[in-house]
Trainee: 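This is the structure, below, for whatever I ask next.
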Amino acid sequence: MKVLISDIAIGLALALAAVFLLLSQNIPVQDAVLSGAAVVVLIMVRLFFSLSRNSKIKLFISFIVPFIFAFFLYKNANYIYFLPALAYSADIEKKYWIPVLAAFFLYAVVLNINILLVFSVMIISLLAIMLAGSIHRYLELEETSYSEIDKLRHIIEKIRIEQKKLISLQDSAVKEGRDAERRRISSEIHDNLGHDLSASIIQLAAMEYRIEDPELKKQIGAVRDLLSSGMDNVRSVIHNEHNEALDLRTELEKQVSAFTKAKIKLSFDSKTDPSIHLKHTIINIVKEAFTNINKHSNADRVSISFRESSDGWILLIVDNGTQIELNPQNPGIGIMTMEERVHAHGGTINISKENGFRIFIKFPYEEGNL
Amino acid sequence: MKILIIDDDPLVSQGIKTILEGEAEKRKDDITICATGSGGKEAIELYDIHRPDLVLMDIRMPEMTGIEAGRIIIEKDKHAKIIFLTTFFGR
């Protein structure tokens, strides 16, 4: 666009200069203005076609302009003043300059135009052509540098996004690794220490039946109680570890892959971790929904979406089942326990059966998340 | 009442045997431990031999789990009564 504007401005300026020169040669005002207008139209036509991608049309215009000019020159030699304006906008390739100018020179000699005038006009034309070249190159350079800057900006933006992704990926990998380690340690304790402890407790209990000495019996009973309370501690620690390492997304994915009756689409988008109780509630609700589909529905497509909203979480379970019995007076044990569970967390539940079964549940943030 | 005890750890099965026998003697209950075994396959064999009134069986055992063995026993005798034992909370 910039190129076009600068071309029009310079072409107009050169044409105007030619009109003034014509007037200084005592050419009638009407003729000078008309010829100037004709040249401006030629310049416009050429510039208009320079926008076209069709190179044949461009070449045709580049050739036709000199011929029209030659015709004008034949009518009145004074129109030679328009040469710089036309040369500027001609856009003739570098390798044709010399032949075109030589042909023009010979033509001027044939027409018997003042040779000094021809030379001066040709020098100005050459300068105009060179000026056109430099302006075009400059503007092109400016444009490419702008687009390069844009590209760089784009790349920087991309890198930033990738970096963010990488960081969150790293975070989740670290969390996953930590959880896996926790689970490993828990099951190690469960399998080894747990078994040894309970075997010892049973052994001690058995010994109490065989031993007659009441004092010794009492002592063994005390050891057994100690081991039992140790066992309780280990059990509660493992239970906590197990709960803390519970990843809601992984757990839901497990449920989904275990359900084979229908095709399930699971989408999960939550950055805040619900409490362990809420996690269990959500998992149980999804399980309950699967049981319902298994028992009462002919659905073959189910979509489960769990996402975080501005003030909590939304769990949406939708299926395409058409044969479902839902009686609002008697919603069934499954739905009732679902409602109780949701209300226990201060949530709301909405069930509809238009176009399939639809369960919409909203849980508010818990105290720890606020 | 005949009871069969199955646990991969003999200390545990012997221990349970002692406790049950001791408790039965104290209460003058008619409880006998007909056999103890250490694996799922053995449980099935011992069940066939002794036809106990009750089986006490560990769930987690190498080779064949208690659940698998229990399923086979019930297939053979649908009146079989089995109590599964586990040392910890189930997972």
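Keep in mind it's a predicted model, so treat the numbers as computed, not measured. Just so we're on the same page: letters track the sequence lines, and every chain starts at 1.
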Trainee: Quick one: CG on B:L11 to OG on A:S198, what's the gap to the nearest 0.5 Å?
Mentor: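 B:L11 atom CG to A:S198 atom OG measures 11.0 Å (nearest 0.5 Å).
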Trainee: Between B:V12, B:I16, B:L20, B:I19, which shows the greatest number of heavy-atom pairs under 4.5 Å with chain A?
Mentor: B:I19
Trainee: State whether the number of non-hydrogen atoms from other residues, nucleotides or ligands found under 6.0 Å of A:K261 atom NZ is greater than 12.
Mentor: yes
Trainee: To the nearest 0.5 angstrom, please state how far the CD atom of A:E208 sits from the OG1 atom of B:T18.
Mentor: 12.0 Å
Trainee: Rounded to the nearest 0.5 Å, how far apart are CG of B:D7 and CD1 of A:I202?
Mentor: 7.0 Å
Trainee: So, taking the atom named CG in B:D58 and the one named NE2 in A:H195, what distance separates them when rounded to the nearest 0.5 Å?
Mentor: 6.5 Å
Trainee: If you count the non-hydrogen atoms of other residues, nucleotides and ligands that lie under 6.0 Å from NE2 in A:H343, is the total more than 12?
Mentor: yes
Trainee: Going from OH on A:Y209 to CD on B:E23, what distance comes out if it is rounded to the nearest 0.5 angstrom?
Mentor: 3.5 Å
Trainee: If you take all heavy atoms of A:A206 and B:G15, which pair is closest and at what distance?
Mentor: CB-O, 3.4 Å
Trainee: Verify the neighbour count for atom NZ of A:K279: are there more than 12 heavy atoms of other residues, nucleotides or ligands below 6.0 Å?
Mentor: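 Result for NZ/A:K279: enclosed.
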Trainee: Look at atom CZ of B:R51 and say whether more than 12 heavy atoms of other residues, nucleotides or ligands are closer to it than 6.0 Å.
Mentor: yes
Trainee: Examine whether an atom of B:E25 lies under 4.5 Å from a heavy atom of chain A, and if so say whether it belongs to the side chain, the backbone or both; otherwise answer neither.
Mentor: neither
